Amino acid sequence: MALFRELVEAAEAAGRVSGRKEKVRILSEFLGRLSPEEASIAARFLAGHVFPEYDNRELGVGYSLVREALKVLDQKPLFLVEPQPPAITEVYRLLERIAGVSGEGSREKKLKLLEGLFSRLSRKEVEYLLRILFGEVRIGASTGLLLEAISRLSGVPYGDVLHAYMVLSDVGDVAFKALESPAALGKVDVSLFHPVKPMLADMAYNVDELFQEHGSPLHLEYKYDGLRVQIHMGRGKVRVFSRRLSDITEYVPDVVERAVEGLHVEEAVVDGEAVAVIGGAPVPFQELLRRVRRKNEREDFLKSLPFELHLFDVIYLNGKSLVREPYSTRSRLLREIVVSEEILAKKTVAYTRQEALEFYESAVRSGNEGVMSKRHSSVYKPGIRGSDWLKLKSFDTIDCVIIAAEWGHGRRSGWLSDYHLGVYDEESGRFLSVGKTFKGLSDAEFEEMTKRLLQLKVREEGYVVYVKPEIVVEVDYSEIQRSKRYPSGFALRFARIRRIRFDKSPYEVTTLRELRERYLRSIRAKRWSPQ
DNA sequence: TGTGTCTGCCCC
DNA sequence: ATTCTGC
DNA sequence: GCAGAATGGGCAGACACA
């Protein structure tokens with residue numbers, strides 16, 4: 001019976017060393033002396049999860065509840081004898097109970113359970129428990145190194161362990177199998193109604209990079225700005241899973257309908273993007289979001305924001321896994337099982353730079369994010385971000401002034417690393433925020449920027465340092481969104497600092513009027529209007 | 001009954 | 001989701 | 001080239017509280 005304390009000791013030891021191999025050794029020795037059940041829980045904990053990824057249970061414990069529960073540690077212990085330190089499995093069962101409570105008074109119940117757990121742990125154990133709850137274990141080892149550790153302790157080749165993880169989608173299940181029946185680990189494969197981690201794409205910044213990486217011709221698809229969906233269908237059933245493997249079937253009845261009508265097949269797992277479309281044009285992502293996790297919706301709402309489906313892959317067909325087949329084969333098979341091309345992502349084969357550019361521009365002009373390029377010979381690598389798939393997304397640029405900055409945490413502690421961006425409002429003569437960004441600067445630049453900002457400091461409130469608006473930055477963003485949070489009424493999506501404009505004064509930054517015009521232009525392009 | 005706050009391996 | 005850094 | 005860490009906006013649901 002392994003104690004939670006032992007897990008914390010192993011995590012600490014792994015966090016202390018910097019070498020990858022050494023971390024793997026420590027973790028494999030720890031996991032190797034546990035029972036299969038303990039190892040599955042411990043592996044999940046170390047990866048920063050409580051439940052399997054495909055498990056829809058939620059803890060409902062966040063920053064606020066934790067802060068309240070932590071107060072119990074400051075009170076004198078009520079115990080006359082030292083409490084029994086909990087086993088790993090006990091901690092897990094308690095977390096299961098916490099996830100299970102709901103309804104009136106549930107916050108209080110969760111609080112009591114959490115306090116009870118905290119009071120049985122040392123300070124350090126509480127700290128690690130919190131890191132697990134928030135998914136930020138931060139020992140320089142996450143799922144990847146845990147899989148290596150599992151390979152080491154079970155003797156199963158890393159490739160087989162990785163493949164098992166990809167199709168099982170849970171590091172705990174892999175650890176369990178590795179200890180219980182290592183021989184079976186190499187044999188698991190995609191199965192119907194068990195979600196697989198979706199394959200991911202690397203970023204590219206221009207068409208030439210696509211040719212450089214994938215050669216000619218390019219196999220391009222529209223990149224839609226919607227929800228990634230993995231649809232499992234067969235045996236009279238359909239389930240839809242999100243990118244993070246939540247079962248979202250109940251939220252997307254129209255996606256189910258389109259899949260059932262659009263695919264002629266016994267059993268299949270297909271991969272695609274669901275996008276809300278009005279009048280033939282995609283609606284802004286922000287509007288589409290209104291349907292995500294929306295329950296018990298009236299039919300007229302669904303009809304006012306209908307989802308269309310664009311499939312681009314098939315990874316399981318009539319009892320056979322296709323993840324080891326090349327994209328060319330999967331693509332052909334997908335085409336064979338669809339009733340009409342409408343349900344597919346729009347595609348082209350581009351032989352020249354010009355053809356590729358035209359396709360990209362048509363994608364963007366019709367209100368989409370950009371294009372995907374896919375290596376024709378590549379197998380489906382679940383959960384892996386690599387150059388087999390490249391995404392090329394459109395973006396715009398404005399000039400902003402930094403009006404405040406926030407102190408960073410972890411590796412960024414000591415630096416001001418998150419910057420509030422302002423545009424100039426001519427009407428009020430003030431700089432109004434359009435959101436924050438922490439992206440685009442190197443460590444050296446953070447260092448320098450921190451010094452400069454502190455010289456401009458006006459006041460400090462909590463983590464936020466307000467500064468005299470003086471430093472101008474060029475900011476890339478993918479889209480302007482309406483915002484209730486920011487005083488400008490707008491917020492930039494995926495903002496990143498492209499460069500610092502030492503040559504510009506704050507009064508030359510983009511104006512609120514210009515931002516508003518850009519916003520209106522973009523929603524006109526999408527043929528969508530507010531309300 | 002209305003409003004505010006918290007939470008989500010949320011969605012991107 | 002994007003970006004940077006260390007291995 | 002990969003894994004890990006540090007962080008972005010906005011939405012609905014669930015609950016607490018007035």
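To find a chain, count down the sequence lines: A is the first, B the second, and so on, and within it residues start at 1. Keep in mind it's a predicted model, so treat the numbers as computed, not measured.
- For A/Q286, a side-chain nitrogen or oxygen approaches OP1 or OP2 of D/dC11 to under 4.0 Å.
- Among the atoms of the strands shown, only primed sugar atoms or phosphate atoms (P, OP1, OP2) are found under 4.0 Å from some heavy atom of A/Y63.
- For A/S242, a side-chain nitrogen or oxygen approaches OP1 or OP2 of B/dC11 to under 4.0 Å.
- One can place CZ of A/F395 at 16 Å from C1' of C/dA1, the figure rounded to the nearest angstrom.
- B/dC11 atom P lies 12 Å from atom CZ of A/F241, rounded to whole Å.
- The two residues A/V255 and A/I231 come nearest to each other via the heavy atoms CG1-CD1, 3.9 Å.
- Using a 4.0 Å heavy-atom distance criterion, A/G135 is classed as making no nucleic acid contact.
- Counting non-hydrogen atoms under 4.0 angstrom, A/R291 reaches nothing in the nucleic acid.
- For A/L289, the listed nucleotide lying nearest its side chain is D/dG10; candidates were B/dG8, D/dG8, D/dG10.
- Residue contacts shown for A/L288 are absent, as no nucleic acid heavy atom lies under 4.0 Å away.
- A salt bridge is absent between A/D399 and A/R499: the closest approach of a Lys/Arg side-chain nitrogen to an acidic carboxylate oxygen does not fall below 4.0 angstrom.
- A/Y128 carries A/R131 over the face of its six-membered ring, with the cationic atom under 6.0 Å from the centre and within 45° of the normal.
- As rounded to whole Å, 21 Å separates atom C1' of D/dT7 from atom OH of A/Y477.
- Checking the phosphate oxygens (OP1, OP2) of D/dA14, no side-chain nitrogen or oxygen of A/S106 falls inside 4.0 Å.
- Nearest heavy atoms, A/A175 versus A/A39: CB-O, 3.8 Å.
- Distances shorter than 4.0 Å separate none of the side-chain N or O atoms of A/R294 from OP1 or OP2 on D/dC11.
- Taking 90° from 0 as the syn/anti boundary, the base of B/dC9 is oriented syn.
- Within 4.0 Å (heavy atoms only), A/I248 reaches sugar-phosphate atoms of the nucleic acid but no base atom.
- Within 4.0 Å of A/S387, counting heavy atoms only, lies no atom of the nucleic acid at all.
- Donor-acceptor pairing under 3.5 Å is recorded for the side chains of A/E460 and A/W407.
- One interatomic measurement links the two molecules: CH2 of A/W407 to P of D/dT7, which rounds to 13 Å at whole-angstrom precision.
- For A/S246, the listed nucleotide lying nearest its side chain is B/dC11; candidates were B/dC11, B/dT7, B/dC12.
- Separation of atoms CZ (A/R291) and CG (A/D254) is listed at 4.0 Å; rounding is to 0.5 Å.
- In this structure, the nucleotide among D/dC15, D/dA14, D/dG10 sitting nearest to the side chain of A/Q481 is D/dG10.
- Looking at DNA chain B, the stems built from 3 or more consecutive Watson-Crick or G-U wobble pairs, each pair with its key distances under 3.5 Å, are B:1-8 with D:11-18, B:10-12 with D:8-10.
- Nearer to the 5' terminus of DNA chain D, by closest-nucleotide assignment, is the contact made by A/F285 (compared with the other of A/R290 and A/F285).
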Treat primed atoms plus P, OP1 and OP2 as sugar-phosphate and everything else as base, then score nucleotides 2-7 of chain C 5' to 3': B for base contact with protein heavy atoms under 4.0 Å, S for sugar-phosphate contact only, - for none. BSSS--

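- Backbone-only contact: A/G105 has heavy atoms under 4.0 Å from sugar-phosphate atoms and none from a base.
- Under 3.5 Å, the side chains of A/D388 and A/Y327 contain no donor-acceptor pair of N or O atoms.
- Considering all non-hydrogen atoms of both residues, A/V171 and A/L146 come closest at CG2-CB, 4.2 Å.
- Here B/dT7 presents its P atom at 13 Å from CD1 of A/I98, a figure rounded to the nearest Å.
- A donor-acceptor contact under 3.5 angstrom links the side chains of A/S442 and A/E445, judged on distance only.
- Nearest heavy atoms, A/L305 versus A/I278: CD1-CD1, 4.0 Å.
- With both ends at atom C1', the span from B/dT5 to D/dG10 equals 16 Å, rounded to whole Å.
- Distance A/R244 CZ to B/dG8 C1': 11 Å, rounded to the nearest Å.
- In this structure, A/I384 reaches neither bases nor backbone, as no heavy-atom distance under 4.0 Å exists between it and the strands shown.
- For the pair A/R57 CZ and D/dA14 P, the computed distance is 18 Å after rounding to whole Å.
- Among the atoms of the strands shown, none is found under 4.0 Å from any heavy atom of A/V50.
- Among the atoms of the strands shown, only primed sugar atoms or phosphate atoms (P, OP1, OP2) are found under 4.0 Å from some heavy atom of A/A491.
- Using a 4.0 Å heavy-atom distance criterion, A/I139 is classed as a sugar-phosphate-only contact.
- With the nearest nucleotide of DNA chain D identified for both A/F301 and A/E136, A/E136 has the one nearer the 5' end.
- One donor-acceptor pair, N or O on each side, does fall under 3.5 Å between the base of B/dC9 and the side chain of A/E53.
- A cation-pi contact, defined as under 6.0 Å to the ring centre and within 45° of the axis, is absent between A/R412 and A/F438.
- Annotation: cation-pi geometry satisfied between A/R496 and A/F395 (NZ/CZ under 6.0 angstrom from ring centroid, within 45° of ring axis).
- Counting non-hydrogen atoms of other residues, nucleotides and ligands closer than 6.0 Å to CZ of A/R97 gives a total of 12 or fewer.
- When the C1' atom is used for both C/dA1 and B/dC9, the distance is 14 Å, rounded to whole Å.
- Side-chain nitrogen and oxygen atoms of A/S417 include at least one within less than 4.0 Å of the OP1 or OP2 phosphate oxygen of D/dT7.
- Using the Watson-Crick or G-U wobble rule with both distances under 3.5 Å, C/dT5 pairs with D/dA3.
- One interatomic measurement links the two molecules: CZ of A/F134 to P of B/dC10, which rounds to 14 Å at whole-angstrom precision.
- If you check every strand for non-hydrogen atoms under 4.0 Å, A/A141 touches sugar and phosphate atoms only.
- Considering only the side chain of A/R107, D/dA16 comes nearest among B/dT7, D/dA16, D/dG13.
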